[in-house]
Amino acid sequence: MRYWIIRDERQIPVEVEEVPGGYTVTMDGKPYQVESSRILEGLYSLIIGGESFEVTVHSHEPGRYDVHMYDGMRPVEILSPLELVLKSQEGARAGHGASIRAPMPGKVVKVLAVEGQAVVKGQGLVVVEAMKMQNELQALSDGVVTQVRVKEGDSVESGAELVTIGEAAEAP
Amino acid sequence: MRYWIIRDERQIPVEVEEVPGGYTVTMDGKPYQVESSRILEGLYSLIIGGESFEVTVHSHEPGRYDVHMYDGMRPVEILSPLELVLKSQEGARAGHGASIRAPMPGKVVKVLAVEGQAVVKGQGLVVVEAMKMQNELQALSDGVVTQVRVKEGDSVESGAELVTIGEAAEAP
Amino acid sequence: MIGKVLIANRGEIAVRVLRALRDLGIASVAVYSEADRAARHVRLADEAYCIGPAPSAQSYLNADAILDVARRSGSQAIHPGYGFMSENAAFAERCEAEGIIFIGPPAGAIRSMGEKTRARQLMAAAGVPVVPGTLEPLGTPEEAALAAESTGYPVMLKAAAGGGGKGMRLVSDPSQIAAAFRDASSEAVKAFGDGSIYLERAVVRPRHIEVQVLADTQGNCIYLGERECSIQRRHQKVVEEAPSPFVSPEMRAGMGEVAVKAAKAVGYVSAGTIEFLVDQNGEFFFMEMNTRLQVEHAVTEMVTGVDLVREQIRIADGYAMSLGQNDIRIKGWAMECRIYAEDPLNNFLPCPGTIHAVRLPEGPNVRVDSAAFTRGEISMYYDPMVAKVITWGSDRGACAATMNRALMEFQIVGVHTNRDFLLAIVNHAEFRAGNLDTGFIGRNFRGASLPAGTPVPAADIAAAIYAFESSRKGACLPSAGTTPSPWRRGLDGR
Amino acid sequence: MIGKVLIANRGEIAVRVLRALRDLGIASVAVYSEADRAARHVRLADEAYCIGPAPSAQSYLNADAILDVARRSGSQAIHPGYGFMSENAAFAERCEAEGIIFIGPPAGAIRSMGEKTRARQLMAAAGVPVVPGTLEPLGTPEEAALAAESTGYPVMLKAAAGGGGKGMRLVSDPSQIAAAFRDASSEAVKAFGDGSIYLERAVVRPRHIEVQVLADTQGNCIYLGERECSIQRRHQKVVEEAPSPFVSPEMRAGMGEVAVKAAKAVGYVSAGTIEFLVDQNGEFFFMEMNTRLQVEHAVTEMVTGVDLVREQIRIADGYAMSLGQNDIRIKGWAMECRIYAEDPLNNFLPCPGTIHAVRLPEGPNVRVDSAAFTRGEISMYYDPMVAKVITWGSDRGACAATMNRALMEFQIVGVHTNRDFLLAIVNHAEFRAGNLDTGFIGRNFRGASLPAGTPVPAADIAAAIYAFESSRKGACLPSAGTTPSPWRRGLDGR
């Protein structure tokens, strides 16, 4: 199957093909014979040309993978054909409103945003506390608060939509 | 749900009833309030009257459980109503032929039994090697070998039927 | 004789204390919040009782509930661990009043050392060197400016009730002192309910070196060498070691004797730690005393062979220490890395969540103290520390090499940890050379974040295979689009 | 200088060697059989190569395949671990011939000590005490009877090529000697391809005590104290400790000097062990030398602080030892328990299978060397040893208490282990008193099986809850009826 690695504005083609004991992975035209053994969900042993790698792979967002190796972590963005299409559509829509989501579970300790309020990029919208630390979620662009979905004291899950920001024109 | 513990020829009634945070387990008329938390498949944290137990439960055969506690293992035989019925039928059939099964995976290194052969209780039938050790499987009762299902060199899984012994009357 | 002990704590330290109790054949009683029903300390204890909902104020800080369990379970003593009730003099007094042994110092010693300006006065009077500065809380920004003039800039403003870096400000220039005073004071009010601020001369490129002491009820008090704790991020220790590469045998004896003097000045009993600020010439100044077991006590255990928790329990039981000063020999080197569930690539934001799988390092010269387990929850309610990895070596180089090995083996699937950051510290040339001071992380890791590793084919291949296998499993389509993270920075991390 | 080492082994010892290489900054090359693709040693190594199918004869004993990988990977040296190629003199010679360093003794020393009767002759000539007996293999049952008359009964018949208890028979009565000779000889033919048998006076209630030595290529040779290995089941060590509770400092020096003499007599280099049989009066006799690292080397490491594998590698690299005899100090006490995948309630039958989950003990004074992991396979092709649990204490009682704690924490879901048996040994009054001899297990555990624990309500409740939850998950109905196990006893376990 064909994928694309997105790196430094480039799209690098990657072909993954099953072979006995593993895969042939062809990156940017260069083939790698990979002996692959899945130990657990997200934990792999790879042997590539005699070199042994134990890696854990973790995906927080579609297309984005954290690959943990012995000597550190590498973030890799790799997209399937469908994901690539969706991403380019998303790019075209950029700026047309954005949801501020909780990147981790926590408790809302302060709501700074008010519906209808005009905000500028970087302005604080919600303060969420997790693990004894207060963290402020900020507007990603100028706009108007179209919806506030939480109130103080709410517990929120990772990924929960907290505030929606629309373009100024969309404001009531 | 009702179960029976089989111990020292006795059948002890056990009633398991779900309650918030755990179970009420009534054994031989005595109720125990059990806070139960399942950590993993087969791994439980139980708190009974303030006492904390971490146990792993393992079942090799239906109705038979090995309960591993910090200070050692306890085998427990506990049967559901259906299992109790099946067991008593099995008891009535006792002696009417038996399958000799591999209690562990291994390799058949010698087949001593021949189909049609009369064997006595304790007579060696098959030798299976596992982990560098040869172990002999023996007849559980007098009888006649009605079927030999393996040959030397076979790899066998745990529970695989190796030899069937019938009553002398059933022999050809 | 103590036959049953309640552990008023959670996480790795509760497990640590449990192990000491097991070793001594003493029954253990765990307490837990509703969020911790499945926690390791609950499962390993002989008895366990729920003391309230997840927030600490309603459970681990709930003295009534804890004492109620102590009575119900027939515990003769309470071990507070660190944090929570460990430096709460009122709690220690309540234990005493109810006839339950508090495994720690007397309430009076906690109180004397807990109020920072009073402690400085006491220490100065006892002949313990303190950093030049004010011995009384400052009333106004103007008072602060005057005091700074007499001490000389740079100065450090500190919350009198403080700890953990809250309510602290470094001031290098007279024009900033008034604003800094107001900031620090309001932060201190928020954090501790007490805005009192005092001032000290700021030591340039200081090391943070602390001395472990142990005192019994019979008047014996000894020191067990020092710990180097200069590797800190936002005033939180990250990597500790024993001994300090900076401390000679003469300096060790000198600091040790001063530490014993400090402990005796407050009638100290049990394990305690005197924290010193050490300047580049080796001059050392009393900072504060931690009147409890420290997170990093394990490195001292590794180089001395002394089990500090066991000694605490025996001392609390009224025994004279089995050890004299001459029994303490420092053998080899030990380091500790604190593994936190946080994201070093994203400004160390804490990462609560579920551990899908954990593999702790093992093998020769490795000790792990943790409460992590497969399917365990890292709760948003508590400290994000997941595990302590401690290594020993015959010398500092061997110890660091083994720490590198242990960190490489450390593996958690499911939550981010600072493992990579710890690896980067331990393998940093300046760290290996022993050039440590409290500015190490700020200087060497700009923005206090870890840069991502450079791409390697194996990582790309792993991601591709994972993506391939995930799609083959029939995973749902990804939700459309991704937005850049709005998660900017910790508000307390200015 | 050695920059890359191939590890010609698997399991915990391969991982142990890997860790030493990491600590030294040397690249590691793993070899593996097809059954071991997912094994820990494969995943932890820098490089890994498959050397053949699962059976050892086609993989871990395949010298051609191993040497081929050594060449392809550019390894300068091979560490053989224990077992497999470790005492194979021909393999050591082939390595030398191909310019690859064999991390172990010279082939000549392996050979001298490998043939047991020749070793006895050599040792006797060097002034090392040996048990009275024959110095030449016996030809016939009649010769055996004559030799036994002169030595005096009871006598022990032993396979000259033997090890691991195979080809051994104790004879107390002259009427049994002919049959026992024939039995032992045919067993030895089967096990070793060599039926040669020799005879020794049997020592009554003997202890098995061994001395660790370390020798370099510069002619230095030291001893690192003794290990008590009397706790054996079917001649397999189960629990080991260092030091021995039976050995005084004077006896330690005496045995140590004899051990060094023995090693020097064969030109020994690297780590090696002299095994002694010790009678109730403290008289000790040379049994054999193990010309390799021992399974139980870790207890010596714990009490001396010396990393034996690191020393082996440095010695193989031509360095003089960094340690002199005076640097060796025994501090505290260490014990090792070997966790086997076997069923102690069912005559210790080995239990291959899949580990569903594993939790290894951790915390202060605990070391674990293992290759076990969640979802790992215990293969029927290899040794059933799953892990070694090693503990340290300031004295023997503290060490045993910590071993008890560590074993309590040890948890494997999915396969049977001998953990409960180890717990029963460690907590046995005779063990705690230090009354050890090689008959300990046979005397205290009749039928060499562990009785099941007495019923307790918590166990019944756990089984009931498990049964309830399993049925609720919609598990299939049990297959009708259960039959008693036909699995009687190991054929080699008479």
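Labels below follow one simple rule: chain letters A, B, ... track the order of the sequence lines, proteins then strands, and each chain is numbered from 1.
Residue-level contacts of residues 16-26 of chain D with chain C, in order of numbering, are D:Arg16, D:Arg19, D:Arg22, D:Asp23; threshold 4.5 Å between heavy atoms. Residues from residues 402-410 of chain C that place a non-hydrogen atom less than 4.5 Å from a non-hydrogen atom of chain D comprise C:Thr402, C:Arg405, C:Met408, C:Glu409, given in numerical order. For residues 37-46 of chain C, the interface with chain D (any heavy-atom pair closer than 4.5 Å) comprises C:Arg40, C:Arg43, C:Leu44, sorted by residue number.
Counting heavy-atom pairs closer than 4.5 Å to chain C, the top-ranked of the candidates D:Gly393, D:Gly332, D:Gly305 is D:Gly305. Residue with the most contacts toward chain C among D:Pro364, D:Ala357, D:Ala298: D:Pro364 (heavy-atom pairs, distance under 4.5 Å).
The nearest pair of heavy atoms linking C:Arg310 to D:Ala398 is NH2-CB, 3.8 Å.
A distance-only check finds no donor-acceptor pair linking the side chain of D:Glu362 to the backbone of C:Arg367 [under 3.5 Å].
Considering only residues two or more places apart in sequence or on other chains, C:Tyr32 meets the ring-ring contact (aromatic ring centres under 6.0 Å, His included) condition with none of them.
In this structure, no portion of C:Ile390 lies under 4.5 Å from any heavy atom of chain D. Neither the backbone nor the side chain of C:Lys388 comes within less than 4.5 Å of any heavy atom in chain D. Only the backbone of C:Val366 comes within less than 4.5 Å of a heavy atom in chain D; its side chain stays farther off.
Rounding to the nearest 0.5 angstrom, the gap separating the CG atom in D:Leu360 from the CG atom in C:Leu360 is 8.5 Å.
Side-chain contact between D:Val306 and C:Ser394 is absent, with no heavy-atom pair separated by less than 4.5 Å.
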